[in-house]
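Each ligand, and each atom within it, is numbered from 1 in the order the structure gives.
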Amino acid sequence: MILDGKALSKKILEEIKIEVQKLDKKPHLAVILVGDDTASRIYVNNKKKTALNIGINSTVIELPEDTKEEVLIEHIKKLNNDDDITGILVQMPLPKHINKDNVVCAIDPKKDVDCFTPENVGKLALGMKPYFYPVTPQGILIMLDYYGIQIEGRHVVVIGRSNIVGKPMVQMLLQRNATVTICHSQTKNLDDIIKTADIIISAVGKKIVRCKMVKYKSVLVDVGISRDANGKLTGDLNFSDFKDINEILDFVEAFSPVPGGVGPMTIASLMLNTLLFEHTGILRRIAKSGLE
Ligand code: NAP
């Protein structure tokens, strides 16, 4: 089975649009971009475009590379106090002279749609309900749930221990009663650990998972984004030992492609967070209706 994040995300965004139309007060996402990083600019523009397409207001605040930390924090405080702004997102990475932790701590946890603040991350770790769940792990779980992938009781190997993907993914999987192993660059015998996984979630940015080596009928979720020798977008999963897509589909229970898997789900998940109410109703409706 292919985990088609592109189609599922499209459906979620359509449903959000319908819900937003019913709201008197539209959600308003503020995104702060500091500096000139090309990839960050593309991500920010995508978020703004997606929000506007579904009726969510969006403001991008662009600040120059040499912006002082205090100035950035002043902008955040203004957004915290602005009743019209319902979500705040500071695009990472920030320039080196800015302390990321100070910036993250300045965001009002009730507007922290990325789940970066210590209050939200702490609540997640304690098994309490944060104001928002982290977008990429939430998007992955929505996708696995939609495709009926069982999580409870299974051994999930998460590769990568970043604050935005690996660590919160582990917390959310534990809450779903998975048995979780987390790996990183210093992990010994990664291939042996991978072989024991029922589900692999790889968030590295290098072709690290030789899929012929994984357990038969495991689920492979590819978060990684990199470019191959020809400049083509690619993920962490290496399928080069397989003859064709049919051989892959015979071997795995499911896998998510890059592009078209986790990436679009991350955007849909961010937009769900930007809504001002519980979004379980939307997901239940989609589970019933399917993607058509
Ligand atoms: P990151 O900060 O880029 O860190 C990469 C992680 O991979 C680190 O934990 C690192 O270990 C680990 N790693 C590096 N080499 C390794 C190796 N040889 N074996 C095992 N682990 C290794 O992580 P990130 O921000 O989560 O991003 C990871 C990838 O996911 C990137 O390609 C990024 O573009 C992509 N991403 C995609 C989405 C999406 O929506 N599709 C969202 C977020 C990120 P150490 O901690 O030991 O350094």
Exercise. Just jot down the ligand 1 atoms closer than 4.0 angstrom to any heavy atom of Val223, in number order.
Key: 30 (O), 35 (C), 36 (N), 37 (C), 38 (C), 41 (N)
Exercise. Please examine the side chains of Ile54 and Val20, heavy atoms only from C-beta on, and report whether any two atoms are closer than 4.5 Å.
Key: no
Quiz prompt | Lys188, NZ atom: more than 12 neighbouring heavy atoms under 6.0 Å | solution = no
Quiz item: Do other residues, nucleotides or ligands put more than 12 heavy atoms under 6.0 Å from Lys110 NZ?
Solution: no
Quiz item: Relative to the heavy atoms of Ile208, which atoms of ligand 1 are at a distance of less than 4.0 Å?
Solution: 16 (C), 17 (C), 18 (N), 19 (N), 20 (C)
Practice problem: May I ask you to check whether Ser185 has an N/O atom sitting below 3.5 Å from an N/O atom of ligand 1? | Solution: yes
Quiz item: Is it the case that Lys123 places NZ or CZ above or below the six-membered ring of Tyr131, under 6.0 angstrom from the centre and within 45 degrees of the axis?
Solution: yes
Quiz item: Measuring to protein heavy atoms, does anything land under 4.0 Å from atom 18 (N) of ligand 1?
Solution: yes
Exercise. With heavy atoms of Lys206 as the reference, note each atom of ligand 1 found under 4.0 Å away.
Key: 14 (C), 15 (N)
Quiz item: Relative to atom 40 (O) of ligand 1, which among Thr266, Val209, Leu270 owns the nearest non-hydrogen atom?
Solution: Thr266
Quiz prompt | Qualifying residue for side chain to side chain contact (heavy atoms under 4.5 Å, CB included) with Ile159, from Ile201, Asp236, Val209 | solution = Val209
Self-check item: Top protein contact for atom 20 (C) of ligand 1, by heavy-atom distance
Solution: His184 O, 3.2 Å
Quiz item: Does Arg227 reach the side chain of Lys232, with side-chain heavy atoms less than 4.5 Å apart?
Solution: no
Self-check item: Sub-3.5 Å N/O-N/O distance, Ser226 and ligand 1
Solution: no
Quiz item: Near Gly263, which atoms of ligand 1 are under 4.0 Å from a heavy atom of that residue?
Solution: 40 (O), 41 (N)
Practice problem: Please write down residue, atom name and distance for the protein heavy atom closest to atom 2 (O) of ligand 1. | Solution: Ser162 CB, 3.8 Å
Quiz item: How far is atom 14 (C) of ligand 1 from its nearest protein heavy atom, and which residue and atom is that?
Solution: Val204 CG1, 3.6 Å
Practice problem: Name the closest protein heavy atom to atom 8 (C) of ligand 1, giving the residue it belongs to and the distance to 0.1 Å. | Solution: Arg161 N, 4.1 Å
Quiz item: For atom 27 (O) of ligand 1, what is the nearest protein heavy atom, given as residue, atom name and distance?
Solution: Ala203 O, 4.4 Å
Exercise. Start with the C-alpha distance between Asp84 and His28, add both sets of side-chain angles, then the distance that settles side-chain hydrogen bond (donor to acceptor under 3.5 Å, both in side chains), and finish with yes or no.
Key: CA-CA 7 Å; Asp84 191 53; His28 191 159; 2.8 Å; yes
Quiz prompt | Nearest non-hydrogen protein atom, atom 44 (C) of ligand 1 | solution = Val165 CG2, 4.0 Å
Quiz item: Which of the atoms in ligand 1, numbered in the order shown and given with their element, are less than 4.0 Å from a heavy-atom of Ile159?
Solution: 20 (C), 21 (N)
Exercise. Please determine which of Asn102, Val104, Ile98 meets the side chain to side chain contact (heavy atoms under 4.5 Å, CB included) test together with Lys100.
Key: Val104
Exercise. For atom 42 (C) of ligand 1, grab the closest protein heavy atom and report residue, atom and distance to one decimal in Å.
Key: Thr136 OG1, 3.5 Å
Practice problem: Pull out every atom of ligand 1 sitting under 4.0 Å from any heavy atom of Gly160, numbered as shown with elements. | Solution: 6 (C), 7 (O), 9 (O)
Quiz item: Which protein heavy atom lies closest to atom 32 (O) of ligand 1, and at what distance to 0.1 Å?
Solution: Ile225 N, 2.9 Å
Quiz item: Is it the case that Lys212 places NZ or CZ above or below the six-membered ring of Phe242, under 6.0 angstrom from the centre and within 45 degrees of the axis?
Solution: yes
Quiz item: Are Leu272 and Val31 joined in one hydrophobic group, where the rule is that I, L, V, M, F, W and Y side chains link up if heavy atoms are under 4.5 Å apart?
Solution: yes
Quiz item: Counting distance only, does the side-chain N/O of Lys167 pair as donor-acceptor with the main-chain N or O of Ile164 below 3.5 Å?
Solution: no
